[in-house]
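These numbers come from a predicted model, not from an experiment. To find a chain, count down the sequence lines: A is the first, B the second, and so on, and within it residues start at 1.
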There are 2 protein chains.
Amino acid sequence: MVLRMRTKVKALPGCPMSRCMALLGGCWTPEVLWSLSDGPRRFSELRRDIPAISAKVLTGRLRDLEERGVLARHVMPTSPPTVEYELTSLGQELLPAIRSIVEVGSRLLLRDSPRLMIASPSLRG
Amino acid sequence: MVLRMRTKVKALPGCPMSRCMALLGGCWTPEVLWSLSDGPRRFSELRRDIPAISAKVLTGRLRDLEERGVLARHVMPTSPPTVEYELTSLGQELLPAIRSIVEVGSRLLLRDSPRLMIASPSLRG
DNA sequence: CTGTATCCCCGTGGATACTG
DNA sequence: CAGTATCCACGGGGATACAG
């Protein structure tokens, strides 16, 4: 995807869509969650998965998602440092929505240009 | 939900998530689509469904979604004018993703505060 | 490798007032 | 009723440089 969603998303109390979008609606958030959906990833791997994101913004999103309890950050005491990010159980609960988004998008792409489609939709083609 | 996503979202060619998020990822877009999901609605009805949105922004979103082929605008030649907005078939194709988002949000709310939940998740409680 | 610190810029939303 | 016109303010992203 290409950018353009604000980050500071607050939930409207009691609204289901709001509750969910507050967690996955921020800029780059769907990409990050999708990248983490099949296992932990390091900072540099995330950057490779989402080439268009800057380090600053990726850091910001990761911190924010960590605060919200969507993912966990693990620092390995190596040199140079290794950091892994992993979805929490809350983060896992968001995946059905992400998958649905990816499915809908795949169907739209299929309709648009059937010959260009590839088998498995992914950020990391 | 409460605001905070930018509007001008452009799809990354060939990326399914991007294709879908370009259509439903804009600010207020999920709310608008959700409000239209069970039939056409007038401008003023949309405003009532989404109290926090301003007329200017709602107009902007509606124009944008119309351009993208997500919804259609019907002006009835009455006085004063009556305008109805309705999902196109493309718009309908986005609904599974919206519904998934609502479902996930409902489950999160249930976990957070079981006693506060209401039967049918909706913007128009 | 995994970040942080600045600086700048512009899109975007809110409020308000006005119109056909 | 269904918008449009203006003005403003702000925060968030990009780029770049630097750090532990």
Visitor: Quick one: does B:Lys56 reach the base of C:dG14 with a side-chain donor-acceptor pair under 3.5 Å?
Guide: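 Donor-acceptor pair under 3.5 Å: yes.
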
Visitor: Looking at D:dG3, D:dG13, D:dC7, which one has an atom nearest to any side-chain atom of B:Ala55?
Guide: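 Between D:dG3, D:dG13, D:dC7, the one nearest the side chain of B:Ala55 would be D:dG3.
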
Visitor: Of the nucleotides D:dG14, C:dG13, D:dC1, which one has an atom closest to the side chain of B:Ser44?
Guide: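 Comparing D:dG14, C:dG13, D:dC1 against the side chain of B:Ser44, the answer is D:dC1.
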
Visitor: Can you measure A:Leu58 atom CG to C:dT4 atom P for me and round it to whole angstrom units?
Guide: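 It is 11 Å, rounded to the nearest whole Å.
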
Visitor: Does B:Ala72 offer a backbone N or O that forms a donor-acceptor pair with the side chain of B:Thr88 under 3.5 Å?
Guide: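 Side chain of B:Thr88 to backbone of B:Ala72, a donor-acceptor pair under 3.5 Å: no, none is there.
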
Visitor: Once you round it to whole Å, what is the distance between P of C:dC1 and CD of A:Glu84?
Guide: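 Between P of C:dC1 and CD of A:Glu84: 15 Å.
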
Visitor: Where the side chain of B:Pro81 is concerned, which of D:dC1, C:dG3, D:dG13 is the nearest nucleotide?
Guide: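 Among the listed nucleotides, the one closest to the side chain of B:Pro81 is D:dC1.
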
Visitor: So A:Arg42, base contact, sugar-phosphate only, or nothing? Heavy-atom distance under 4.0 Å.
Guide: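 If one applies the 4.0 Å heavy-atom cut-off, A:Arg42 turns out to touch the sugar-phosphate alone, with no base involved.
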
Visitor: Measure from OH on B:Tyr85 to P on D:dA2 and round the result to the nearest Å.
Guide: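 Checked: the OH to P distance equals 8 Å.
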
Visitor: Would B:Leu90 and A:Arg111 count as a side-chain contact (heavy atoms from CB on, under 4.5 Å) here? Give the steps.
Guide: CA-CA 10 Å; B:Leu90 174 58; A:Arg111 221 190 37 185; 3.6 Å; yes

Visitor: About how many Å separate CG of A:Leu23 and OG1 of A:Thr29, when rounded to the nearest 0.5 Å?
Guide: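 Here the rounded value is 9.0 Å.
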
Visitor: State whether the side chain of A:Ser100 and the backbone N or O of B:Pro96 hold a donor-acceptor pair below 3.5 Å, judged by distance alone.
Guide: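 Such a contact is found between A:Ser100 side chain and B:Pro96 backbone.
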
Visitor: Scan A:Arg63 against the nucleic acid and name what it touches under 4.0 Å (heavy atoms): base, sugar-phosphate only, or nothing.
Guide: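 It contacts sugar-phosphate atoms only.
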
